[in-house]
Student: 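Here you go, one structure.
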Amino acid sequence: MKTRIVLLGPPGAGKGTQAKRIVGEIGVVHLSTGDILRDEVGRSTELGTTARGYMDRGELVPDQLIIDMIRGRIEAAADGFLLDGFPRTVEQAEALEAITPIDIAINISLPREEVVRRLTARRVCRDCGTIANLLFNPPDDPTVCPACGGELIQRDDDRREVIENRYDVYERSTAPLIGFYRERDLIRDFDGSRGSAAISSEILAILSE
Ligand code: AMP
């Protein structure tokens, strides 16, 4: 069983969706640096205040801040974790390697035009965090959360120009990690344009090997 898992892929490839399913099935700890940062921003902590400018522009938050933020959480989840949105740079991957070995890096790919199409249609509930997509599971009312009735909003970084920038950042800084993990024989590739249920079953089968 593989329990120390890294999820790689451009924004919008379905990492969050797959992460929820994997965590639900195999019970490892879900560590999403994007979620942790959004929580810091929401609470206006010092880290949140620093991170916010980078996030709103679609830029990466500096490596050292991210590594300091995540290190303790990874160490506390020694039995198993799923890293979603970390590492995002070779420097972060090297820092992770110094903290713990991993069992597998799951790479979900998706071309730029599909990322833009999906993310401009993404909405998130202001109250409960449920993610809705106006393309795939359109709620009856595009402004009302189907789970709790709260308000569905667009994340600032899901605006088109920010998405384009996030994809550029992905290609420049994060895509090199595919080679990094391939060299270590840890990568498994998935085509993110296929249905999310089909991808989940394949991932779960591979994790149980
Ligand atoms: P995500 O929800 O993973 O798309 O992350 C949202 C934003 O948080 C990104 O566009 C970055 O600004 C920031 N972020 C999340 N994870 C990282 C990371 N590992 N390194 C640097 N910035 C990050």
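Because the structure is predicted, anything quoted here is derived from the model rather than measured. No hydrogens, no waters, no symmetry mates; every other heavy atom, side chains included, goes into these values. Just so you know, ligand 1 is whichever comes first in the structure, and atom 1 is the first atom listed for that ligand.
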Student: Show me the side-chain donor-acceptor pairs of residues 66-82 shorter than 3.5 Å, one per line, residues at least two apart or across chains.
Tutor:
{"unit_1": "Asp68", "atom_1": "OD1", "unit_2": "Gln64", "atom_2": "NE2", "d": "3.2"}
{"unit_1": "Arg73", "atom_1": "NH1", "unit_2": "Met69", "atom_2": "O", "d": "3.1"}

Student: At a heavy-atom distance under 4.0 Å, which protein residues reach ligand 1? Sort them by chain and number, would you?
Tutor: Thr33, Gly34, Leu37, Arg38, Met55, Glu59, Leu60, Val61, Ile66, Gly85, Phe86, Arg88, Gln92, Arg155, Asp157, Arg166
Student: Measure from NZ or CZ of Arg52 to the centre of the six-membered ring of Tyr54, then state whether that distance is under 6.0 Å and the direction lies within 45° of the axis.
Tutor: no
Student: Report the distance from atom CD1 of Ile187 to atom CG of Asn107, rounding to the nearest 0.5 Å.
Tutor: 5.0 Å
Student: What distance do Leu177 atom CG and Leu8 atom CG have between them, rounded to the nearest 0.5 Å?
Tutor: 6.0 Å
Student: Looking at Phe180, I'd like to know if the NZ or CZ of Arg184 sits under 6.0 Å from its six-membered ring centre while staying within 45 degrees of the ring's axis.
Tutor: yes
Student: Roughly how far apart are Lys2 NZ and Ile203 CD1, rounded to 0.5 Å?
Tutor: 12.5 Å
